[in-house]
Structure formats: C-alpha cells, structure tokens
Amino acid sequence: MRILVIGGVAGGMSAAARARRLDEHAEIIVLEKGKYVSFANCGLPYHVSGEIEQDSYLLLHTPETLRASLDLDVRTEHEVIGIDRVAQTVLVATPAGTETLAYDALVLSPGADAIVPPIPGMDLPAVTHLRTVDEARSLASRAATARRAVVMGAGFIGIETAEAFRHRGLDVTLVELAPQVLPPLAPEMSALVEAELTAHGVDVRTGVAATGVRAGSAGDDAAVTVSLGDGTEVVADIVVVSVGVRPNSSLAAEAGLDVTDRGAIVVDELQRTSDPHIWAAGDATAVRHGVTGQVGPVPLAGPANRQGRRAADSIMGRVDKAQPVLGTAIVRAFGLTAAMTGASPRMLDAAGIEYFVVHTHPGNHAGYFPGSEVLHLMGVFSPTGELLGAQAVGPDGADKRIDVLATALRAGFSADDIAELELAYAPPFGSAKDPINMLGFAAQNVINGTTTLWTADDLPWVVDNALLLDVRSEREYASGHLPQAVNLPHTHLREYIEGVRQLADGRPVRVICASGVRSYYAHRVLSQHGFDSATFDGGMFTLVEAAPGVELATGAFQPA
C-alpha cells in the first residue's frame, strides 16, 4: 500500500506516524511544500519573546530523523498542485520540476492560510505574519533593534505576539476590530485580560480596524505608519497581521471534493472525504461543535493531532469515530491565564440554545495559605443543569479548572455531577470545596430555586423599580458603589430586617456585594422573610467588567 500525505506538522505527521505504527510494510510518503515538516507552531511567539532561545528547539523532526525512526519518506519543498481522483495520482512541483505520484490512500493536511486584510500596504517589508519558523526567526531578529510594533488582531496569537514584543521592550499597539480582545471570551472575562494588557504597557485599541499601512513617517523614513478607522495613526517598525485564518482547501475544491460554504473540507466521523480513497485532517477540515452542533473549522493543535491519528486508523480499517470538538483553548497574557471550553453565551445565542450563566470568584487555593489569588470562573448551563461551556481567567489555577470542566463537558456532566466531583485537595493546591465544586453549587442553587440571580442587563429596571441593597462593609461601599445602592453589611441584615421592609415599601429587593457570596447569604435571609429578592451574579467583580460604562459613587452611605 502506498499512502501519500499532503502537509506535515500536526495533522499530516500524526497520520504518517500512526500509519507506520499500524503497518510496517506500507510505503508512506509525506509531501510538504515548506522547508520544515514538523515544527512547534504554537511555540513561535515564545521564540520571538526570547523565552525559547534557540529556533532549533522549535524543529521537532527532520526528514532524516523521521526516516531513521519511522522509515517515512519525507520530501520538503514538494508542493502538490493537482489531484487526479480517477487515476489516483497527484502532480507534485519539486525543486527539480514536476512529477506524478500514485496513491492507494491520500491524506490531505494542508492547514490554514493567514487572512490578509484587503487594505493598502500589506506587501511592505515591515508587514508580516507569525505562522512559520522563518517568520518567527525574522521577528526575533528584528525585535532586537526595533522600538515600536503594531499587532493587528487580538486573538490568541495576537495577544501572544503583543506579549512577546513587550517582553523584548518594544512599544506595542494592539488593534482589534471586535469590541473586545479575545473575541471568543465573554465580554466580562475579556475585560480582565484587556486590563492586564494595559497594565503591562500595551496600547489596546478595540472596535477599530486598520485601514492601511504606508511607508515612512514624519522624521523617520525607516518606519511605517498604520492608519486606523477612527482617524488615528500609529508609527511602527514592525507590523504583525494576526486577524484570523481560512482553510487552505483550494486543492481539495479543485479536485471536486465536498467543502463547506466557508471552504472547510467536509469529512465524516472517520476523517473520510467525499472520495473513498482520500482522507483529511487538521485546520482545513470541518468539525462539528460538541455543544452547538455547528459545523466549521476549529484551528487547534490538539484536534488536528487526533484527526491525523484517526485518519490513519481509518485507512487501516480501524473504526475510531471522531467526537465533536469542544474548542478548549488557553492563552497567557503576562500575569494572567485565560482559558475556555465549550460554548460561550454568544455562540449559544447564535444557535438559539437556552442557557443561564453563573460567575464565581474564588481563591485559586485555600485562602489561609500564602499566595492565594482570585480566580474568575464562569459556567454556562442549560435550564436543566447540563454544562454547556466554561471560562476561567486568573493568575494561577485557570488551566487545571478548565481542563476539569472540559472533561466534565465531554462526559456530559450536569451541575449535580460537578458539585460532587472529588478533586485533589491540599492548601497549596486548592480548597476543600474546590472552585469547580463551587461553580456546581452555584448552578444547582439556580436550578432548584434556592438562588434568583440578577445581572448587569437588569440594572436599568432595578434602578427604577427595586430597592438596591449593597451588603459589603462600609469601607468597601465607600470605595465605589452604585449611586442608588443602600449600604447594609450582611452581618447586620437580620437586626434591621424591618427597616429594610420599610425602605422597600413593597418593592423587590436586589442585592449586590463584591463577589456574590455575601449577597447570596443576604438573599437567602430576605427570601425567607417574604421579600422578592435576587442576588447579583458574580457581584461587583462581574458588574464592573460586564458594564464598563457604569458610574460608581464613592463615600459613606448617608441615610435619608
């Protein structure tokens, strides 16, 4: 059997390596159009920053090492330019000309191409991407002498690139067309990341696009000037474009294989395309989202590796059907980690799926153990309690919580299951009631009616129709509060319950505190005394991020 694999890196090399482990006698040829067949593309920004010092560390395998260890015939700088499905051959452009190769099984792993905005100046030498080893090597070299950089796009790679440049001492402007950085995050979670970027000197410009790049600037002919849609301009020595990718599926489309409206190669649960002799894996393929059911590309390394392995299994007659993809992802932004899994509220809205959200702000480990820091967690649940998605932002502990929640999501766990998870505990690592359990408890309370939540969306109605009660301490209240809020620390609520009844005068009572814990306590007291009560989801921590334009008053409470 001859197996041809088009494209290396994650999907292609996983397919080739797995095929060899399953069949020692197959002829396996990998055709890679670039110079490197196996490199750590997720590590590229960290070479730019200098954290990965040697670019050689990014090169995982070479044709020689793959021949020695797996007996693979790896041919770099070999670009497949045509597929003849009837003859089962491919036409290959090589350094010496063209050649035709026959196949019994063909695996497509062409990856994705960086999107180039249709604006002037994208061909200037100062403008580049960060997708290849050569680009990372060049940026690392240029960053040693540059002073200013513009990064277009504040997704995962854009944020990692901005961080890398700041690590090298450059002035960095980060430009994002969406109204927030990290668009996959909920706005209140994204705001935490933006604040961290700003605190480390990144000039963040959201809700605006670059409209062009021109050579030169006033008094500095070596630089370029980036024009933005709001009329401002930014001078830079380096411009990195990271506004997204699109499937590199032209070869598949030209061969008549089925592709989606957005160009992703259609595959079944065994990675088979619409041709029985051709499989596909990686960023160019369409996958089904495990929560929303929507179909499209998800350019992540983990799924690409698994897809390549599955394609090889399928070629060898094994049945290992793909699971829907959850989109679990993580990024570092200086001192914060932001991570997510499953569906966000925005995705669920688009899919027409009902849900509710709970926010918690626990410590990453036991509060009495030194070094405990706030971890911001968000869980998205169906009305009946099934986990639909989760997000976490914090200086420590976000990674392991999202990994647990991603596992719970894959297993189909509900709030009840999450509340009962038995997780490792010692004071340096967590709490007896882990933040994961607390998220489950909070969701349980909503489902069974123990808790009624209100959110930033309800604020206009609350101001007009309810008694707003701030149950933090007097000092916390004085540092910043909603102007309409009456301050009554939760520890005094029981003794002043009749006074609250007089203030409410038949109106509902809406309670808020710092993180949602004390307002929950107060809400339970009020509810059991006959009040129409609700507690703010996530407290002031969430409010100030979910409603950044809200005006807070300062000073002590003055009774009427």
Side-chain angles (χ1 to χ4, degrees), residues 3-20 28-34 36-44 58 60-61 66 72 74 76 78-80 83 90 103 105-115 129-133 156-157 244-255 257-260 262-275 277-290 295-315 320-329:
I3 302 171
L4 298 186
V5 180
I6 300 176
V9 198
M13 289 315 307
S14 292
R18 177 67 170 172
R20 171 57 72 225
I28 304 171
I29 302 173
V30 180
L31 304 167
E32 167 58 47
K33 69 178 181 179
Y36 308 106
V37 70
S38 181
F39 65 92
N41 48 5
C42 294
L44 300 179
L58 300 170
L60 306 179
H61 288 286
L66 290 166
L72 299 179
V74 176
T76 57
H78 279 57
E79 181 178 4
V80 176
I83 300 172
V90 299
Y103 63 84
L106 178 65
V107 179
L108 304 180
S109 184
D113 292 328
I115 293 174
H129 301 275
L130 183 51
R131 299 276 296 166
T132 68
V133 173
F156 293 96
I157 301 301
V245 296
R246 61 168 56 93
N248 181 6
S249 58
S250 58
L251 188 66
E254 290 167 3
L257 299 176
D258 290 348
V259 298
T260 67
R262 297 191 174 184
I265 303 170
V266 175
V267 295
D268 66 8
E269 294 175 324
L270 297 176
Q271 304 303 134
R272 296 177 298 200
T273 70
S274 53
D275 185 302
H277 301 287
I278 302 177
W279 288 254
D283 294 355
T285 62
V287 299
R288 184 173 300 278
H289 194 276
V295 175
V298 176
L300 294 170
N305 276 281
R306 292 190 291 275
Q307 291 161 12
R309 175 187 174 93
R310 187 177 304 110
D313 280 357
S314 178
I315 291 169
D320 173 26
K321 292 187 177 180
Q323 297 289 324
V325 171
L326 299 176
T328 306

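When a residue number appears, it is its place in the shown sequence, counting from 1.
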Can you name the residues that form a salt bridge (charged side-chain N to carboxylate O under 4.0 Å, His left out) with [X], not counting sequence neighbours?
{"X": "Glu254", "value": "none"}
{"X": "Asp313", "value": "Arg18"}
{"X": "Arg246", "value": "none"}

Using side chain to side chain contact (heavy atoms under 4.5 Å, CB included) as the criterion, list what pairs up with [X], not counting sequence neighbours.
{"X": "Ala252", "result": "Leu108, Leu257, Ile265"}
{"X": "Leu60", "result": "Ser38, Ala40"}
{"X": "Pro299", "result": "Val245, Asp283"}

Margin query: Listing request: all side chain to side chain donor-acceptor pair (under 3.5 Å) pairs with a residue in residues 3-17, at least two apart in sequence or in separate chains.
Written below: Ser14-Asn305

Donor-acceptor pairs under 3.5 angstrom involving side-chain atoms of residues 4-11: please list them, not counting sequence neighbours.
none

Minimum-distance pair of heavy atoms, taken over all atoms of [X] and [Y]:
{"X": "Gln271", "Y": "Ala322", "value": "OE1-CB, 4.1 Å"}
{"X": "Gly111", "Y": "Ala284", "value": "O-CB, 3.3 Å"}
{"X": "His289", "Y": "Pro324", "value": "C-CB, 3.9 Å"}

Check: Short question: side chain of Arg262, backbone of Ala286 - any donor-acceptor pair under 3.5 Å?
Finding: no

Can you sort out the partners of [X] under side-chain hydrogen bond (donor to acceptor under 3.5 Å, both in side chains), two or more places apart, ordered by chain and number?
{"X": "Thr285", "value": "Gln307"}
{"X": "Thr273", "value": "none"}
{"X": "Asn248", "value": "none"}
{"X": "Asp320", "value": "none"}

